[in-house]
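Here's the structure, in structure tokens; my notes come after.
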Amino acid sequence: MAETKTLIEIPAFITVRELAVVMGLSPINIIKELMANGIMANINQQIDFDTAAIVAGEMGFDVVAQQVAAAEAVEEEAKTGWRKVLADESKGDLAPRPPIVTMLGHVDHGKTSLLDIIRQANVTAGEAGGITQHIGAYQTVKDGRLVTFLDTPGHEAFTAMRARGAQATDIAILVVAADDGVMPQTREAVDHARAAGVPIIVALNKIDLAGARPDRVKQQLSDMELVPDDWDGDTMVIPVSAREKLGIDDLLEAILLTAEEVDPRANPQAPASGTVLEAKIERGKGIMTTILVQNGTLHLGDTLLVGEHHGRIKSMFDYTGRRVSEAGPSMPVAVSGLDGIPVAGEQFNVVDNEKLARKMIEDAIEEARVTPTSRGKSTTLDEFFARLVEGEAKTLNLIVKADVQGSLEPIVTSLERLNGGEVELEILRAATGPITESDVMLASASDAIILGFNVEADPIARNSAAVEEVQIRTYQIIYKLIEDVERAMRGMLAPTFEDVVIGRAEVRQVFKIRNLGVIAGSYMRTGEARRNAKARIIRNSRLLHSGPVGSLKHLQENVREVKAGFEFGVSVDGWNEFLAGDIIEFFVTQRVEL
Ligand SMILES: Nc1nc2c(ncn2[C@@H]2O[C@H](COP(=O)(O)OP(=O)(O)OP(=O)(O)O)[C@@H](O)[C@H]2O)c(=O)[nH]1
């Protein structure tokens, strides 16, 4: 492949999809290139800088590392889950944006009532006659600052979106009814918010009720390590009543305070990208899709690409139903123009034109055909192991379900004892009862493995586990469970590598070339030579040198591989003493399966 010199900047980690965007190429080409280098990666998988640089280098790009400042910004944003969207942005372009808030909590504790009260209280009368549309999200103003609320409450929606790759929440409001206290779904909601790395504010609702017992709830919260700030902890617990409209301002203030810490940012100048919140067919309007812009600014007439759907935006409305012509970061809008109904949680991007959109869809379909597992990004113990070896994973996320508390506790204690090494074990949820769909969605969204002890998955969970490609392992013996995890972790810590010879060549002629050093004009006898391989120089059965391949050329052009039967030129780092008749053995280092 001829070298052209397009310079690109790559951050420390980048997904295949993002790399494709940076390089202006189809992801499928990058996946193929990765495969040629022995790396199996799907479109959503992250690869590190070195891997990306090798692949991009071989595809004719000059690569530089993104500046540290930008990397830090990305690192910082990663905490709030925005890395995916912001990987390509440099810090200077990032401007503050409104925080995006989701309500979580147990059924009937008042999520919808609170969302309604906040929505009504802050719609400017006069704007579209104060009529609000339910488009899946709305915005409200507090002290001159905008806050975006996602209108589909509940951790099921929250995590289903995460499982689709969307991280559309900066702050979670955990709604707990002051009379009922912490209930099973309250705990689940906390697990989900924590797994997403989203800060939690507690709305202690229904304080108007005679049966309200705020102190008891605070105790329960403390037991879950959500210690209220008035008890010297870090969790803001705001007493509210949706019915009596009490404490709503305090809640909004708490959101603004938390937003200051989170400091959500985006680049308003970029082409828009974000998440689909909902989509439906509306009479007279056709397919209306509510999207949340997470980065960039969306304009009327932009071409949207969402999964396998695309289209130019014909009309755009804000949550009050008013027509708008553009939408910046954190703004939810309903748009028409897509040629199909996308799924909530899917990511959208703006692309240059419809032709390109169609091409990208075709490529994505082809990619799905080539690597059928690409949709699922979940983990099996074996895959986790492989990712860890690649340096991509350092934490093994687990969800543990057991039949009774008496077995759950020793399992959790033993698992926690495994911690302390390089690999961290994170138990996202430990609970009794069968494995449910909620467990599967949490696992899917968090790349976790589900371990069941004396419990099975219910049929719905089993079905979604198959769809989401989540691994469920069930056990009847505790030590077997612990042993499996331990073995995986130990393997992770001490991977064994082996050199595998991929080809042999014979040196025929030696050239000294200015600027390039010494090139061995060679003939590939068996196997193949690869640009990213290492080489051993052997003379009379004696090993003289071993080092990485410096350059690989066929007919003056840089190539990434040479097959048996061809002549080619090669340089080897650190070696200038080739002689005709030397044998060059090409090898790669591979992990040995245990
Ligand atoms: N007394 C009192 N009742 C409330 C308050 N907030 C909500 N409720 C009542 O609690 C019930 C449940 O409220 P919702 O807002 O539907 O609760 P939710 O959490 O959204 O429930 P799901 O959508 O079913 O998960 C309703 O009957 C509300 O009227 C409150 O502050 N005080």
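All ligand and atom numbering here is 1-based and tracks the order in the structure.
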Practice problem: Before giving the answer on side-chain hydrogen bond (donor to acceptor under 3.5 Å, both in side chains), spell out for Asp223 and Gln219 the whole-Å C-alpha distance, their side-chain angles and the decisive distance to 0.1 Å. | Solution: CA-CA 6 Å; Asp223 293 345; Gln219 183 58 56; 3.1 Å; yes
Quiz item: More than 12 non-hydrogen atoms from neighbouring residues, nucleotides or ligands closer than 6.0 Å to CG on Asp232, yes or no?
Solution: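 No - once you tally the heavy atoms of other residues, nucleotides and ligands closer than 6.0 Å, there are 12 at most.
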Exercise. Begin from the C-alpha positions of Ser113 and Asp116 and carry the test side-chain hydrogen bond (donor to acceptor under 3.5 Å, both in side chains) through to its verdict.
Key: CA-CA 5 Å; Ser113 306; Asp116 285 347; 5.9 Å; no
Quiz item: Short question: side chain of Asn205, backbone of Val175 - any donor-acceptor pair under 3.5 Å?
Solution: no
Quiz item: Taking the six-membered ring where the residue is Trp, are the ring centres of Phe149 and Tyr138 under 6.0 Å apart?
Solution: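 For Phe149 and Tyr138, the ring centres are under 6.0 Å apart.
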Quiz prompt | Nearest-option assignment for atom 9 (C) of ligand 1, heavy atoms, candidates Lys206, Gln185, Lys245 | solution = Lys206
For ligand 1, indicate whether the residue [X] contacts it via side chain, backbone, both or neither (heavy-atom separation under 4.0 Å).
X: Asp208; value: side chain
X: His109; value: backbone
X: Asp108; value: both
X: Val107; value: both

Practice problem: Search all heavy atoms of Arg323 against all heavy atoms of Phe317 and return the closest pair with its distance. | Solution: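 What the structure gives for the nearest pair is CG-CE2, 3.6 Å.
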Self-check item: Non-hydrogen atoms of Ala168 and Ile100 that approach each other most closely
Solution: O-CG2, 2.9 Å
Numbered atoms of ligand 1 (with element) below 4.0 Å of [X], judged on heavy atoms:
X: Ala242; result: 6 (N), 30 (C), 31 (O)
X: Thr112; result: 15 (O), 18 (P), 20 (O), 23 (O)
X: His106; result: 19 (O)
X: Leu209; result: 1 (N)

